[in-house]
Asks: 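Below is a structure I'd like to ask you about.
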Protein chains: 2
Amino acid sequence: MAKRISVSETPTCEVSCRHDDVLERVRHGLTEPEVLRWVAALFKVMGDPSRLQIVNALILSEMCVCDLAALLKMTPSAVSHQLQILRQSDLVKWRREGKVIYYSLDDEHVSNVFYQGLVHVNEKHHP
Amino acid sequence: MAKRISVSETPTCEVSCRHDDVLERVRHGLTEPEVLRWVAALFKVMGDPSRLQIVNALILSEMCVCDLAALLKMTPSAVSHQLQILRQSDLVKWRREGKVIYYSLDDEHVSNVFYQGLVHVNEKHHP
DNA sequence: CTAACATATGAATAGTTGTTCAAATGTTCA
DNA sequence: TGAACATTTGAACAACTATTCATATGTTAG
């Protein structure tokens, strides 16, 4: 992030290369800023390897923190921190059974997003 | 990231809560680590609002840096830096026409990923 | 109650990231 | 050639992030 508070004149291409027709057309087609921020937030959450591993695991099965930690070779604490982020983003839900808390995906859209990313990567890194 | 080099004993749930059947099953279903890292990298790139705006714009039309800067109210320099990241991830391609460089999406998988994210957000933040 | 365990939380911290500014390329045209 | 412009690049820095450690919370069994 790091937005500096300088007030220098922004050299934003004032002159010739502007294609106002394109700008106009694109501007109307853009996703609303607020929605786009939500989408970016979703991708950001899924953009961390540890969290994506967790998502990957939860696509396959409901799991407790302890199992996730063992599976991903992470500290339960680290897993818990990441689960908190996934919880705050409504990507996962949980249920308690005694001392153990089981996490699972909150909806199937998440796995759709995951698989779409997978498709991209598979087609990209392949002969 | 920030991986500390401590060598404390990792308290990784050694005792009772382990579900070895689940662990075994999930372990075999997991996406290969290297592929998963690529997917995470893709989401990470698309997880920044500025870059996602650029992607959003390029879904609608090929555009030059100057137009992107004007559309998104960013410095050409900032746009260029972000385009470099999108270029390095093979998300965009470009062509030169005189002084102007036009960017466009490298393939349609990118927009599929974008739309899948959009679907998730629309269903999530809606009655 | 207390001990044992699963999970959560807070603070600290090293690594990372996005923007800015200034300066460098590369291209066209007079 | 040299001025003008579009774009790129590098350094610097403030803001942010993920992990770690230590500690707290919540639950069960004895």
Side-chain angles (χ1 to χ4, degrees), chain A residues 1-19 40-41 43-54 63-70 72-89 92 94-103, chain B residues 1-19 40-41 43-54 63-70 72-89 92 94-103:
Chain A
M1 305 285 147
K3 182 159 288 183
R4 216 88 67 71
I5 25 159
S6 93
V7 203
S8 66
E9 72 276 31
T10 20
T12 315
C13 309
E14 298 295 347
V15 201
S16 65
C17 98
R18 291 270 271 282
H19 305 75
F43 288 142
K44 186 175 188 176
V45 168
M46 298 184 72
D48 175 75
S50 302
R51 280 191 298 262
L52 198 62
Q53 274 190 304
I54 295 178
M63 291 182 91
C64 70
V65 178
C66 181
D67 284 337
L68 284 168
L72 310 177
K73 301 193 200 324
M74 291 173 67
T75 318
S77 176
V79 172
S80 186
H81 275 296
Q82 298 302 175
L83 283 170
Q84 186 182 28
I85 294 172
L86 291 167
R87 242 184 294 132
Q88 284 167 352
S89 317
V92 300
W94 53 276
R95 69 185 177 85
R96 169 161 238 144
E97 194 167 298
K99 284 179 285 193
V100 183
I101 295 182
Y102 293 94
Y103 282 87
Chain B
M1 305 282 146
K3 180 160 288 184
R4 217 90 67 72
I5 26 161
S6 95
V7 203
S8 67
E9 72 275 34
T10 21
T12 316
C13 310
E14 298 296 349
V15 203
S16 65
C17 99
R18 291 270 273 281
H19 305 76
F43 289 143
K44 186 173 188 177
V45 167
M46 297 183 72
D48 174 73
S50 301
R51 281 192 297 264
L52 198 63
Q53 275 190 303
I54 294 178
M63 290 182 91
C64 71
V65 178
C66 180
D67 285 337
L68 284 168
L72 310 177
K73 301 192 198 324
M74 292 172 66
T75 317
S77 175
V79 171
S80 185
H81 276 297
Q82 299 301 176
L83 283 169
Q84 186 182 26
I85 293 172
L86 291 168
R87 242 184 294 132
Q88 283 167 352
S89 318
V92 300
W94 52 277
R95 68 184 178 86
R96 169 159 238 144
E97 193 167 297
K99 285 179 285 193
V100 183
I101 296 182
Y102 293 94
Y103 282 87

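The chains referred to below are lettered A, B, ... by the order of the sequence lines, with proteins before strands, and numbering in each begins at 1. Since we're looking at a predicted model, the values are computed, not measured.
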Asks: Tell me if the side-chain of A:His81 makes a donor-acceptor pair with the base of D:dT17, cut-off 3.5 Å, by modelled atom types.
Replies: no

Asks: So does A:Ser77 reach the base of C:dT7 with its side chain, donor to acceptor, closer than 3.5 Å?
Replies: no

Asks: In whole angstrom, give the distance that lies between atom CG of A:Leu83 and atom P of D:dT19.
Replies: 12 Å

Asks: For B:Gln88, give me all partners under side chain to side chain contact (heavy atoms under 4.5 Å, CB included), at least two apart in sequence or on another chain.
Replies: B:Gln84

Asks: Suppose we screen for side chain to side chain contact (heavy atoms under 4.5 Å, CB included). Which residues come up paired with A:Ser77, at least two apart in sequence or across chains?
Replies: A:Thr75, A:His81

Asks: Taking for each residue the nucleotide of DNA chain D with the nearest heavy atom, is it B:Ser80 or A:Ser50 whose nucleotide lies nearer the 5' end?
Replies: B:Ser80

Asks: Of the nucleotides C:dT7, D:dG26, D:dA6, which one has an atom closest to the side chain of B:Val100?
Replies: D:dA6

Asks: Both A:Ala78 and B:Cys64 contact DNA chain D. Taking the nearest nucleotide for each, which residue is further toward the 5' end?
Replies: B:Cys64

Asks: Quick check for you: among D:dC5, C:dT7, D:dT7, whose closest atom lies nearest to any side-chain atom of B:Cys66?
Replies: D:dT7

Asks: Could you tell me how far apart A:Ile101 (CD1) and D:dT28 (P) are, to the nearest whole angstrom?
Replies: 11 Å

Asks: Would you mind reading off the distance between A:Glu97 atom CD and D:dT28 atom C1', rounded to a whole angstrom?
Replies: 13 Å

Asks: Under 4.0 Å from OP1 or OP2 of D:dA18: is there any side-chain N or O of A:Arg51 that close?
Replies: yes

Asks: Would you call the rings of A:Tyr102 and B:His19 parallel, tilted or perpendicular if under 30° counts as parallel and over 60° as perpendicular?
Replies: perpendicular

Asks: A:Ile54 versus A:Val92: any side-chain heavy-atom pair under 4.5 Å?
Replies: no

Asks: Between C1' on C:dT7 and CE on A:Met74, what's the gap in Å once rounded to a whole number?
Replies: 14 Å

Asks: Looking at every strand, decide which applies to A:Tyr103 at a 4.0 Å heavy-atom threshold: base, sugar-phosphate, or nothing.
Replies: sugar-phosphate

Asks: Rounded to the nearest Å, what distance is computed from the CD atom of residue A:Gln53 to the C1' atom of nucleotide D:dA18?
Replies: 14 Å

Asks: Please determine if a side-chain N or O atom of B:Gln84 lies less than 4.0 Å away from the OP1 or OP2 oxygen of D:dT8.
Replies: no

Asks: It should be established whether B:Lys44 places a side-chain nitrogen or oxygen under 4.0 Å from OP1 or OP2 of nucleotide C:dT17.
Replies: yes

Asks: Checking contacts here: which listed nucleotide (D:dT20, D:dT7, C:dA6) is nearest the side-chain heavy atoms of A:Thr75?
Replies: D:dT20

Asks: With side-chain contact (heavy atoms from CB on, under 4.5 Å) as the criterion, how do B:Leu68 and B:Leu83 come out once you've worked through the C-alpha distance, each side chain's angles and the decisive distance to 0.1 Å?
Replies: CA-CA 10 Å; B:Leu68 284 168; B:Leu83 283 169; 4.2 Å; yes

Asks: How many whole angstroms separate atom CE of A:Met46 from atom P of D:dA18?
Replies: 14 Å

Asks: Take the protein atom CE of A:Met63 and the nucleotide atom P of C:dA6, then report the distance between them rounded to whole Å.
Replies: 15 Å

Asks: I want to check one thing: is the phosphate of C:dT17, taken as OP1 and OP2, less than 4.0 Å away from some side-chain N or O of B:Gln82?
Replies: no

Asks: In whole angstrom, give the distance that lies between atom CZ of B:Arg96 and atom C1' of D:dT7.
Replies: 7 Å

